[in-house]
Amino acid sequence: DARVTQTPRDKVTEMGQEVTMRCQPILGHNTVFWYRQTMMQGLELLAYFRNRAPLDDSGMPKDRFSAEMPDATLATLKIQPSEPRDSAVYFCASGLGLPGAHQETQYFGPGTRLLVL
Amino acid sequence: AQTVTQSQPEMSVQEAETVTLSCTYDTSESDYYLFWYKQPPSRQMILVIRQEAYKQQNATENRFSVNFQKAAKSFSLKISDSQLGDAAMYFCAYRSAGAAGNKLTFGGGTRVLVKP
């Protein structure tokens, strides 16, 4: 049963600390998305990658957030320094985007709930 | 930019009955995809159903079906024979079919309560 995995599931940290969230996309998927869910803003895209290259990170605060894909099986989202307003659930999703094909369903991981005190 | 609106913050349904969730969207594109995702208390986002805009036939998945009205830009979800396990937040989402438009734009969600 292929699924997206995310670690940690929950994270509590203090303001100013570095936070790293990890995602393992479904094997063979070539697109990875990071979404953030808050009560106020709902679900919003932070960044996404295709074939490990960043395609769009316009939704991400550049001064403190960074997203990378060191290899095809790992995506990371890092916040440094973290702030209380970063408290949210962060979802990773993966999909299979084929050249010339539009069809691509995104499959979500269980999310990382982050609380910054 | 596309927007997705879910006008019902919460819906309640009796077990075994039917409930319909509404979703409207705004876009100038002609080719796109629409989705319904379910988020139970476990917070896992689960794909319920998908509709391609170029298909006139409404998608169905077991007890879940959609009413896709392209001209009206409406995409409602019908849950038939509701079960206790259907209780969750339901999100409508839009995705452009263009090569560069792979992100999902979500509505605000509708909470579904199922009464035994």
Side-chain angles (χ1 to χ4, degrees), chain A residues 1-6 8-10 23 26 29-51 53-60 67 88-114, chain B residues 1-10 21 23-25 27 29-55 59 61 64 66 88-111:
Chain A
D1 183 22
R3 58 183 65 189
V4 177
T5 59
Q6 288 185 249
R9 181 154 176 82
D10 295 276
C23 166
I26 292 173
H29 281 188
N30 64 345
T31 56
V32 173
F33 305 80
W34 284 104
Y35 292 90
R36 177 170 62 184
Q37 184 178 33
T38 62
M39 290 295 292
M40 295 300 295
Q41 301 295 327
L43 280 152
E44 51 184 353
L45 179 74
L46 294 176
Y48 79 95
F49 295 76
R50 181 180 292 272
N51 296 322
L55 288 192
D56 184 356
D57 61 1
S58 59
M60 203 165 66
V89 179
Y90 292 81
F91 286 100
C92 174
S94 73
L96 179 60
L98 300 175
H102 294 163
Q103 293 189 9
E104 178 188 295
T105 295
Q106 297 178 22
Y107 297 90
F108 284 73
T112 293
R113 184 187 303 274
L114 174 65
Chain B
Q2 293 81 24
T3 59
V4 178
T5 302
Q6 293 178 248
S7 59
Q8 305 150 318
E10 186 174 287
L21 311 183
C23 171
T24 59
Y25 56 94
T27 184
E29 299 174 330
S30 59
D31 196 12
Y32 49 87
Y33 297 92
L34 296 165
F35 304 83
W36 279 99
Y37 280 88
K38 170 185 176 182
Q39 186 178 38
S42 67
R43 80 172 183 243
Q44 175 77 54
M45 293 287 287
I46 302 165
L47 176 67
V48 175
I49 201 164
R50 182 179 83 173
Q51 175 79 43
E52 291 87 349
Y54 62 84
K55 289 186 178 179
E61 284 290 340
F64 298 88
V66 299
M89 284 289 291
Y90 286 80
F91 293 94
C92 178
Y94 171 102
R95 183 174 77 75
S96 168
N102 287 335
K103 74 172 187 179
L104 289 169
T105 300
F106 288 90
T110 297
R111 183 177 303 280

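Residue numbers start from 1 in every chain, and the chains themselves are labelled A, B, ... in the order their sequence lines are given, proteins ahead of strands. Quick note: numbers below take in every heavy atom, side chains included, and nothing from hydrogens, waters or symmetry partners. Computed from a predicted structure; not experimentally measured.
One finds the CD atom of A:Gln6 at 8.5 Å from the CD atom of B:Gln44 (value rounded to the nearest 0.5 Å). The distance from atom CZ of B:Arg50 to atom CD of A:Gln106, rounded to the nearest 0.5 Å, is 11.0 Å.
Nearest heavy atom pair, residue B:Leu104 against residue A:Tyr35, reads N-OH, 3.0 Å.
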- request: Any chance you could lay out the side chain to side chain contact (heavy atoms under 4.5 Å, CB included) test for A:Leu43 and B:Tyr37, step after step, and finish with the verdict?
  value: CA-CA 12 Å; A:Leu43 280 152; B:Tyr37 280 88; over 6 Å; no
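Options B:Met45, B:Gln39, B:Arg43 differ in how many heavy-atom pairs under 4.5 Å they form with chain A, and the most are formed by B:Arg43.
The environment of OH in A:Tyr107 is sparse: at most 12 heavy-atom neighbours from other residues, nucleotides or ligands sit within 6.0 Å.
Looking at A:Gln41, there are no atoms closer than 4.5 Å to chain B (heavy atoms on both sides), in backbone or side chain.
With contacts defined as side-chain heavy-atom distances shorter than 4.5 Å, the pair B:Phe35/A:Thr105 qualifies.
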